[in-house]
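Each remark here refers to the structure printed beneath this line.
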Amino acid sequence: MGGVPETHSGWTFLTNHARVLAAIADDQNTRIRDIAARCRLTERAVQKIIADLEQGGYLTHTRQGRTNEYHIEAGTGLRHPADAGLSVAGLLSVLAQHDAERDAERDTRSQELQTASVSEQGSTADE
């Protein structure tokens, strides 16, 4: 995990700030290195994003020995005027629901592939 993640060209629907916040919401004791790997960013970029989120009042952290424990200010509103009235909690809820659905779909596909593989092995043994 020491290398720089591959770059992405073009635009995306979610900002890197939203991705980092979602990673922290998933594990409030996560390391910057793990956030970087999950979000496919450099550790330096994650540090900057965390500083931005803290400065904006979306996130705080407490030092716990050698690690940080993050706390998301869930009631904080989103920054863009078009998103007035929407909170960080709402955004994170939608992202968590999406992740759960994606994981369930992945599990289903994995089980189908395993079943097909076992079935294929059985028919080969019959021949």
Side-chain angles (χ1 to χ4, degrees):
M1 279 193 227
V4 175
E6 63 186 73
T7 60
H8 177 278
S9 60
W11 61 274
T12 63
F13 282 101
L14 294 177
T15 66
N16 290 336
H17 285 65
R19 292 178 197 284
V20 168
L21 198 59
I24 290 171
D26 195 40
D27 179 1
Q28 295 186 342
N29 294 309
T30 190
R31 300 177 306 169
I32 287 177
R33 173 180 295 157
D34 297 330
I35 296 169
R38 176 177 172 170
C39 298
R40 301 178 76 175
L41 299 169
T42 63
E43 290 180 33
R44 178 109 170 129
V46 171
Q47 289 173 333
K48 170 86 170 80
I49 289 168
I50 288 173
D52 288 347
L53 292 169
E54 287 184 318
Q55 185 177 6
Y58 293 92
L59 185 67
T60 59
H61 77 274
T62 307
R63 194 80 177 147
Q64 300 288 344
R66 292 176 44 188
T67 62
N68 289 319
E69 181 176 353
Y70 297 99
H71 175 73
I72 296 171
E73 300 298 331
T76 308
L78 300 182
R79 292 174 49 108
H80 197 280
D83 299 327
L86 298 176
S87 69
V88 168
L91 172 65
L92 294 173
S93 174
V94 169
L95 293 175
Q97 179 182 356
H98 172 268
D99 287 350
E101 290 171 359
R102 180 189 60 206
D103 292 346
E105 184 178 309
R106 234 184 241 155
D107 290 346
T108 300
R109 273 191 264 131
S110 177
Q111 289 173 350
E112 289 171 352
L113 289 172
Q114 288 175 353
T115 302
S117 176
V118 168
S119 176
E120 186 176 295
Q121 289 174 359
S123 66
T124 304
D126 292 340
E127 293 176 4

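All values below were derived from every heavy atom in this structure, side-chain atoms included, with hydrogens, water molecules and symmetry-related copies excluded.
For the side-chain contact (heavy atoms from CB on, under 4.5 Å) test with Ile24, the passing option among Val46, Ile35, Ile49 is Ile35; the others fail. Remark: of the listed residues Glu54, His71, Gln28, Glu54 is the sole one forming a side chain to side chain donor-acceptor pair (under 3.5 Å) with His61.
Using a 4.5 Å heavy-atom threshold, the side chains of Leu59 and Glu73 count as separate. Within the 4.5 Å cutoff, side-chain heavy atoms of Val20 are placed close to those of Ile50. Residues Thr12 and Arg19 meet the side-chain proximity criterion, which asks for heavy atoms closer than 4.5 Å. Counting only heavy atoms from C-beta outward, the side chains of Val88 and Leu78 approach each other to under 4.5 Å. By the 4.5 Å heavy-atom criterion applied to side chains, Asp26 and Arg38 are counted as neighbours. Using a 4.5 Å heavy-atom cutoff, the side chains of Leu95 and His98 are not in contact.
Rounded to the nearest 0.5 Å, atoms CZ (Arg33) and OG1 (Thr42) are 13.0 Å apart.
In this structure, Ser87 and Ala74 approach most closely via the heavy-atom pair CB-O, 3.6 Å. Scanning both residues, Ile32 and Tyr70, for their nearest heavy atoms gives CG1-OH, 3.9 Å. Closest heavy-atom contact between Asp34 and Thr30: CB-OG1, 3.6 Å. The two residues His17 and Asp52 have their closest heavy-atom pair at NE2-OD2, 2.9 Å.
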(Q) side chain to side chain donor-acceptor pair (under 3.5 Å), that's the test. Do Gln47 and Glu43 meet it? Break it down for me. (A) CA-CA 6 Å; Gln47 289 173 333; Glu43 290 180 33; 5.8 Å; no

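Between the side chain of Tyr58 and the main chain of Gly77, a donor-acceptor pair closer than 3.5 Å is present. Thr108 places a side-chain N or O within donor-acceptor distance of the main-chain N or O of Ala104, the cut-off being under 3.5 Å. Of the possible polar contacts, one joining the Thr115 side chain to the Gln111 backbone as a donor-acceptor pair under 3.5 Å is found.
Hydrophobic cluster membership is shared by Leu86 and Leu91, with clusters built from Ile, Leu, Val, Met, Phe, Trp and Tyr side chains linked at under 4.5 angstrom. Linking ILVMFWY residues whenever their side-chain heavy atoms come closer than 4.5 Å, directly or via other members, places Leu14 and Leu21 in the same cluster.
Other residues, nucleotides and ligands contribute more than 12 heavy atoms inside 6.0 Å of the CD atom of Gln64. Heavy atoms of other residues, nucleotides or ligands lying less than 6.0 angstrom from CZ of Arg79 number 12 at most.
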